[in-house]
Amino acid sequence: MRSRKRAVALTCSTLLATAAFMSVSPSAHAIPENCTSSHQPAANTVSSHCSSGTGEHQVAVTLIHVNPMVGYVATTGPWVAVGQTSVASLPPGTIVSLRVNRR
């Protein structure tokens, strides 16, 4: 009976310690916020910019190429930190989707 009480006490103390540790540890992955994306037709580029939060973001675009044999093309810019701008060059075509990936 005594060993059973010790096992229960050890289990409870382990659970309490884990709960205390989890409640004070900061989130490991926060995402960027207040993100915008834009298309610059004159430069034939797209860009994204996030102004708050932490982590990284990248601009991502899907377009239909002017050559029907090519079809859909997906392009992304580099992963950059909050406050920086991610830029991607575009092949000729029509934009179907322009978005910001965040991590």
Side-chain angles (χ1 to χ4, degrees):
M1 187 68 159
R2 196 170 202 197
S3 63
R4 184 175 177 198
K5 285 184 181 181
R6 282 187 183 168
V8 169
L10 180 62
T11 302
C12 289
S13 63
T14 302
L15 289 173
L16 286 173
T18 303
F21 177 73
M22 296 289 280
S23 66
V24 297
S25 65
S27 177
H29 298 287
I31 60 171
E33 297 176 358
N34 298 321
C35 300
T36 59
S37 60
S38 61
H39 176 220
Q40 298 79 28
N44 212 23
T45 60
V46 290
S47 63
S48 67
H49 184 82
C50 296
S51 59
S52 63
T54 59
E56 297 177 314
H57 68 94
Q58 78 175 162
V59 65
V61 64
T62 302
L63 56 90
I64 299 174
H65 198 276
V66 293
N67 181 347
M69 297 298 287
V70 175
Y72 287 92
V73 178
T75 305
T76 59
W79 286 101
V80 296
V82 170
Q84 296 179 341
T85 302
S86 177
V87 180
S89 296
L90 298 176
T94 303
I95 293 176
V96 175
S97 170
L98 176 59
R99 61 203 176 279
V100 181
N101 294 331
R102 302 176 298 161
R103 66 177 181 187

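- A continuous path of hydrophobic side-chain contacts links V70 to I95 [ILVMFWY only; heavy atoms under 4.5 Å].
- The nearest pair of heavy atoms linking P78 to V87 is CD-O, 3.5 Å.
- Counting only residues at least two apart or in different chains, salt bridge (Lys or Arg N to Asp or Glu O under 4.0 Å) contacts with residues 41-68 comprise E56-R103.
- Counting all heavy atoms, side chain and backbone alike, Q58 lies closest to G77 at NE2-O, 2.7 Å.
- In this structure, NE2 in H39 is found 7.0 Å from OG1 in T45, a value given to the nearest 0.5 Å.
- Side-chain contact check for S38 and S47: at least one donor-acceptor pair (N or O, by modelled atom type) lies under 3.5 Å.
- Here the shortest heavy-atom pairing between S86 and H57 reads N-CE1, 4.0 Å.
- Of all the heavy atoms in V82 and G53, the pair that sits closest is CG2-O, 3.7 Å.
- Residues L63 and V59 are members of one and the same hydrophobic cluster, defined by side-chain heavy-atom contacts under 4.5 angstrom among Ile, Leu, Val, Met, Phe, Trp and Tyr.
- The distance from the CZ atom of R99 to the OG1 atom of T76 is 9.0 Å, given to the nearest 0.5 Å.
- Y72 shares a hydrophobic cluster with I64, V96; the chain of contacts runs through ILVMFWY side chains whose heavy atoms sit under 4.5 Å apart.
- Considering every non-hydrogen atom in both R102 and C35, the closest pair reads CD-SG, 3.7 Å.
- By the 4.5 Å side-chain criterion applied to Ile, Leu, Val, Met, Phe, Trp and Tyr, M69 is assigned to no cluster and stands alone.
- The heavy-atom pair separating V73 from T75 by the smallest distance is CG1-OG1, 3.9 Å.
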